[in-house]
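Have a look at the structure below, then the notes.
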Amino acid sequence: MEPLAAVSFATSGVSRAPGWQAQVRIDYAINKVAQTHRGQSEDTIAQAIHDQLRALGVVPNGRKVAEYATAISALPQLPPNNK
């Protein structure tokens with residue numbers, strides 16, 4: 001019997017770091033909250049981040065959530081989008 005060939009699921013020949021899918025989910029959640037909650041209180045933003053991450057199946061890191069909330073609360077609010 002011949003040995004089996006190695007199997008790789010990398011699409012471009014580049015292997016990805018472990019946890020890359022979770023990081024994509026985190027980036028998505030942070031960007032979404034940054035667009036909708038900027039300029040609001042840190043507590044409100046932290047809760048929104050926590051809820052978004054949980055909805056995406058990511059366990060929130062409290063320290064990082066607080067850092068993101070502080071940064072997002074310092075951003076100016078966006079003007080309403082009139083389409």
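Because the structure is predicted, anything quoted here is derived from the model rather than measured.
At a threshold of 4.5 Å between non-hydrogen side-chain atoms, the residues L53 and I26 count as touching.
Considering only residues two or more places apart in sequence or on other chains, N61 meets the side chain to side chain contact (heavy atoms under 4.5 Å, CB included) condition with R63, K64. With sequence neighbours excluded, the residues forming a side chain to side chain donor-acceptor pair (under 3.5 Å) with Q47 are D51, listed by chain and number.
Listed here is the closest heavy atom pair of V58 and A22: CG2-O, 4.3 Å. Here the closest heavy-atom approach between residue R54 and residue V59 is recorded as NH1-CG2, 4.1 Å.
Residue pairs meeting the side chain to side chain donor-acceptor pair (under 3.5 Å) criterion with at least one partner in residues 27-38, sequence neighbours excluded, are Q23-D27.
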Enumerate donor-acceptor pairs with a distance under 3.5 Å from any side-chain N or O in residues 68-75 to protein atoms, sequence neighbours excluded.
{"unit_1": "T70", "atom_1": "OG1", "unit_2": "E42", "atom_2": "OE1", "d": "3.2"}
{"unit_1": "T70", "atom_1": "OG1", "unit_2": "A66", "atom_2": "O", "d": "2.9"}
{"unit_1": "S73", "atom_1": "OG", "unit_2": "A69", "atom_2": "O", "d": "3.3"}
{"unit_1": "S73", "atom_1": "OG", "unit_2": "T70", "atom_2": "O", "d": "2.9"}

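Cluster partners of W20, by chain and number: V24. The rule joins Ile, Leu, Val, Met, Phe, Trp and Tyr whenever side-chain heavy atoms lie under 4.5 Å apart.
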